[in-house]
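What follows is a short report on a single structure.
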Amino acid sequence: MYIEQGYKGNLGVWNFFLIPVGFMLFMVFNYFSTQMLVEEQGQSVEEIMAQMIEMMGKMPFLIVNLLTFVVGLASIFVWVKYIHQQSITSLTTSRKKIDWKRIGFMFLFWATISVATMLLSVYSAPENFEYNLNWSKFIPLVVVSFLLFPFQTSFEEYLFRGQLLQGLGILTKTRWVPFILTSVLFGVMHAANPEVEKLGMEVMVFYIGTGLLLGAMTLMDEGLELALGFHAANNITAALMVTSTWTAIQTDSVFLDVSQPSFGLADMLPIVIGYPIILLILAKIYKWSNWKEKLFGKVLSKEEFDNLNAS
């Protein structure tokens, strides 16, 4: 009963939306200000980013961007623990303790698949990639990635699959509304990314599809642990293995993607077919059942939840 863990705080349901709404308003402001800058300067988002990276350097640019999420995650934790007076554990999981083994397993599981997939892409189409490894730059990148990317990915998970999922579930007394809505909002949050400008709105299938995968993991497993591990592995392996000159994450990675940007049916298949397979594998490992109720069922009222805990 992960969503019902939200009843354990002292404030009303409104408190779950304060930070998420503030963040989304900031993202809307960021999107429109970026578009205004693009029109004023007559440059693409890619060109503007390239200028900023040239001025600051890839590593400082990456660190500055990731540090904002350190502040964001700290803000959520301070608000939840000291204002709402809900434990970080109950924001994370329905279990008595946070299951770090779940986080570690999911990180290794998805990192292995991601690295294997990237290497397969390089092997099958070597003309689309440049070998870019520079150990003097790569080793600091590894350190920064493992230190700071978990703050970024955890911030997004605690925001969308944590506060928003619990808040919308308690507000609507449903599971399907927060499941669908948080996934769509997760996708919309990435609308200002240069990938959307370069690949078109079709790439939103990836962002929203990933949101649905992470939401399903959270609801079926009754906790954020698997989503936390997956998201961290996804971003860290991307930053270390393959980047390009037009993506939101630009690093001194092992390979540089120099192919013509595109997003078509072949790119959608791993989402439409691969993601459900991942869920089935996890269901086998963690013995998930009752899919319909967990994804689309009702959320208990506070009285029902309190009575269940009392018994």
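Each residue takes its place number in the sequence, starting with 1.
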If you count the non-hydrogen atoms of other residues, nucleotides and ligands that lie under 6.0 Å from CE in Met52, is the total more than 12?
no
Keeping to residues at least two apart or across chains, list the ring pair (Phe, Tyr, Trp, His ring centres under 6.0 Å) pairs with something in residues 192-245.
Trp110-Phe230, Phe186-His231, His190-Tyr207
Validation row: Val122, Phe129 side chains within 4.5 angstrom (heavy atoms):
yes
Check ion pair Asp221-Arg95 (N to O, under 4.0 angstrom):
yes
Name the orientation class of the two ring planes belonging to Phe109 and Phe105 (parallel below 30°, tilted from 30 to 60°, perpendicular beyond 60°).
parallel
Evaluate the salt bridge (charged side-chain N to carboxylate O under 4.0 Å, His left out) criterion for residues Arg175 and Glu222: first the C-alpha distance (whole Å), next the side-chain angles of each, then the deciding distance (0.1 Å), finally the verdict.
CA-CA 12 Å; Arg175 286 174 168 252; Glu222 299 290 2; 3.1 Å; yes
From the options Glu202, Met204, Met201, select the one residue that forms a side-chain contact (heavy atoms from CB on, under 4.5 Å) with Phe263.
Glu202
Does atom CH2 (Trp291) have a neighbourhood of more than 12 heavy atoms from anything else shown, all under 6.0 Å?
yes
Could you check whether any side-chain N or O of Ser183 sits under 3.5 Å from a backbone N or O of Gly211, counting only pairs where one atom can act as donor and the other as acceptor?
yes
Surrounding CD of Glu303 (heavy atoms of other residues, nucleotides or ligands, distance under 6.0 Å), is the total greater than 12?
no
Step through the shown structure and confirm whether more than 12 heavy atoms of other residues, nucleotides or ligands are within 6.0 Å of NZ on Lys173.
yes
Under the side chain to side chain contact (heavy atoms under 4.5 Å, CB included) test, which residues partner Val188, sequence neighbours left out?
Val184
Ring centre gap for Tyr82 and Phe77 strictly below 6.0 Å:
no
Verify side chain to side chain donor-acceptor pair (under 3.5 Å) between Gln166 and Gln86, making sure each step is shown before the conclusion.
CA-CA 12 Å; Gln166 287 187 350; Gln86 176 188 2; 3.3 Å; yes
So, Lys294 side chain and Met220 main chain: donor-acceptor pair closer than 3.5 Å or not?
yes
Residue Trp176 excluded, over 12 heavy atoms near CH2 under 6.0 Å:
no
